[in-house]
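Down below is the structure, laid out as structure tokens.
Numbered from 1 within each chain, the chains take letters A, B, ... in sequence-line order.
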Number of protein chains: 2
Amino acid sequence: MASQTEENYLKSLFNLANEAGEVNISELAQQMQVSMPTVNSMVKTLQKNGWLIYEKYKPVILTQEGKKEAALVIRKHRLTEMFLVNKMGFGWEEVHEIAEQIEHIHAPKFFERMDEMMGHPTVDPHGSPIPDKLGRIQEVNYLTLSQCKTGQLVVLAALTNSSTEFLEFLNSRELNLGKELKIQSKESYDQSMVVSFKDHASETLSEKVCDRLLVRVIG
Amino acid sequence: MASQTEENYLKSLFNLANEAGEVNISELAQQMQVSMPTVNSMVKTLQKNGWLIYEKYKPVILTQEGKKEAALVIRKHRLTEMFLVNKMGFGWEEVHEIAEQIEHIHAPKFFERMDEMMGHPTVDPHGSPIPDKLGRIQEVNYLTLSQCKTGQLVVLAALTNSSTEFLEFLNSRELNLGKELKIQSKESYDQSMVVSFKDHASETLSEKVCDRLLVRVIG
DNA sequence: GTATATTGTTAGAACTATCTAACAAAATTG
DNA sequence: CAATTTTGTTAGATAGTTCTAACAATATAC
Ligand SMILES: [Mn+2]
Ligand SMILES: [Mn+2]
Ligand SMILES: [Mn+2]
Ligand SMILES: [Mn+2]
């Protein structure tokens with residue numbers, strides 16, 4: 001059984017993996033907020049325990065076991081976030097830190113019960129997919145708002161960043177998942193966009209914001 | 001902030017303390033399922049961190065800080081157990097192990113929200129009192145069923161032991177908290193008692209069981 | 001293609017939480 | 001009260017997770 005620390009490394013590895021499944025030591029060190037020697041010694045441990053493949057001076061790659069373990073921790077994290085929002089009345093900006101801890105609880109029934117109570121949700125409060133019990137993730141490919149064109153009608157479906165500050169920014173504009181946005185115009189100088197939606201006749205969103213909003217085009 | 005390990009020691013210390021607040025190293029070692037040298041070194045750490053008073057060859061005593069910290073962990077444990085039973089549909093025999101982990105979550109809002117959702121319960125699913133936010137415990141003094149007399153009508157209010165096996169035994173007899181029991185007779189040879197209650201005209205309970213049932217006399 | 005910058009590794013140390021073996025103090029017992 | 005048992009301590013070790021300093025390999029830039 002992976003320790004709490006190992007579980008956190010596995011999650012980071014899973015999220016940082018490129019198309020080839022590779023992760024560099026330096027990236028991992030930055031993500032985990034530890035030094036490179038710490039990562040170096042931890043990847044040796046993770047390899048010893050069968051979670052990844054490590055060869056000196058090469059990027060590391062999660063094994064199938066490692067990927068599954070990571071996905072199952074991510075499942076617990078996202079189920080927890082959804083439970084906190086849907087069943088306990090927390091805001092989507094409050095749940096990540098709590099889920100970061102609860103994801104390490106070893107009690108399958110606890111998470112199965114959450115899942116049942118919510119009717120088996122497929123995404124978390126930030127629109128990220130919840131892996132199934134076997135660790136499989138249903139990939140969905142949304143567009144960023146930046147990629148959309150003037151005149152299109154889109155639904156806000158997910159986020160590429162879920163920092164508290166960004167979520168609070170979205171709260172302040174009443175931008176939540178499921179909201180339908182009409183793209184009024186796009187400023188070619190700075191790539192900012194003007195959108196309209198319920199009770200917001202014209203809201204200007206910077207490029208930075210548009211890059212972080214994932215949408216489905218519906219018209 | 002106390003580590004997870006320290007929190008578990010504090011809880012044990014709190015529960016083992018005698019009238020004078022003292023706990024022996026050997027008791028603590030047994031309770032924590034570790035060796036005496038381990039306890040010896042841990043009490044030095046706990047002392048260093050201000051949670052208890054330790055002098056060589058003397059029993060240890062929690063400081064006020066230590067007592068409060070312990071009570072607050074116990075609060076989280078018992079709120080969690082109550083939440084699991086009342087809001088998530090778990091049986092009272094399933095919740096202790098899960099609560100043993102969740103009690104270490106550092107997220108005051110999470111437990112406050114549980115507390116609110118349940119309307120500020122004062123006891124856990126096994127009838128043990130839930131300390132308040134300041135770590136104060138409202139002491140209630142029940143009688144054990146053994147101490148009661150033939151003919152008395154009592155309400156099952158709490159347990160002196162909440163092991164899974166005992167809880168499953170109680171489940172098998174439909175003995176749950178709040179149940180009214182009429183004491184039909186007591187066998188002076190083995191101190192067993194015959195009681196009657198809803199759908200159970202005459203159920204015989206051994207001395208061991210009677211010692212573990214805490215009741216309020218209502219008639 | 002050499003110099004420089006970046007990335008990765010090793011060595012050595014610290015701190016937490018645990019163990020066993022050996023010894024010492026305190027309590028119990030006859 | 002002396003012998004024995006129980007309780008508690010010390011010493012020394014291990015495993016996990018982290019650090020800094022020093023060095024080595026690889027990648028980038030000129
Ligand atoms: Mn999250
Ligand atoms: Mn975590
Ligand atoms: Mn419990
Ligand atoms: Mn615990």
**Basic-acidic side-chain contact under 4.0 Å: B:Glu103, B:Arg78** = no

Rounded to whole angstroms, how far apart are [atom1] on [X] and [atom2] on [N]?
| X | N | atom1 | atom2 | value |
| --- | --- | --- | --- | --- |
| B:Leu28 | D:dT9 | CG | C1' | 15 Å |
| B:Asn49 | C:dA17 | CG | C1' | 14 Å |
| B:Asn8 | C:dT16 | CG | C1' | 15 Å |
| A:Lys58 | C:dT9 | NZ | P | 11 Å |
| B:His104 | C:dT16 | NE2 | C1' | 16 Å |
| A:Gln31 | C:dT7 | CD | C1' | 18 Å |
| B:Gln30 | D:dT7 | CD | P | 9 Å |

**Request:** Check whether NZ of the Lys or CZ of the Arg B:Arg212 lies under 6.0 Å from the centre of the six-membered ring of B:Phe166 and within 45 degrees of that ring's axis.
**Result:** yes

**Message:** Would B:Arg216 pass as a cation-pi partner of B:Tyr142, given that its NZ or CZ must be under 6.0 Å from the six-membered ring centre and within 45 degrees of the axis?
**Reply:** no

**Message:** Over 60° means perpendicular and under 30° means parallel, so tell me whether A:Phe110 and B:Phe90 are parallel, tilted or perpendicular.
**Reply:** tilted

**Prompt:** Side chains of B:Ser146 and B:Asp211: is there a donor and an acceptor less than 3.5 Å apart?
**Reply:** yes

**Message:** Do B:His77 and B:His96 pair up side chain to side chain, a donor and an acceptor below 3.5 Å, judged on atom types alone?
**Reply:** yes

**Request:** Select base, sugar-phosphate, or nothing to describe what A:Lys44 touches, counting heavy atoms under 4.0 Å on all strands.
**Result:** sugar-phosphate

**Prompt:** Does A:Ser26 make a side-chain N or O approach to OP1 or OP2 of C:dG8 shorter than 4.0 Å?
**Reply:** yes

**Prompt:** Taking only N and O in the side chain of B:Asn40, is any of them less than 4.0 Å away from OP1 or OP2 of D:dG8?
**Reply:** no

**Prompt:** Which letters describe nucleotides 13-27 of chain D, given B = protein heavy atom under 4.0 Å from base, S = only from sugar-phosphate, - = neither?
**Reply:** ----SBBBB---S--

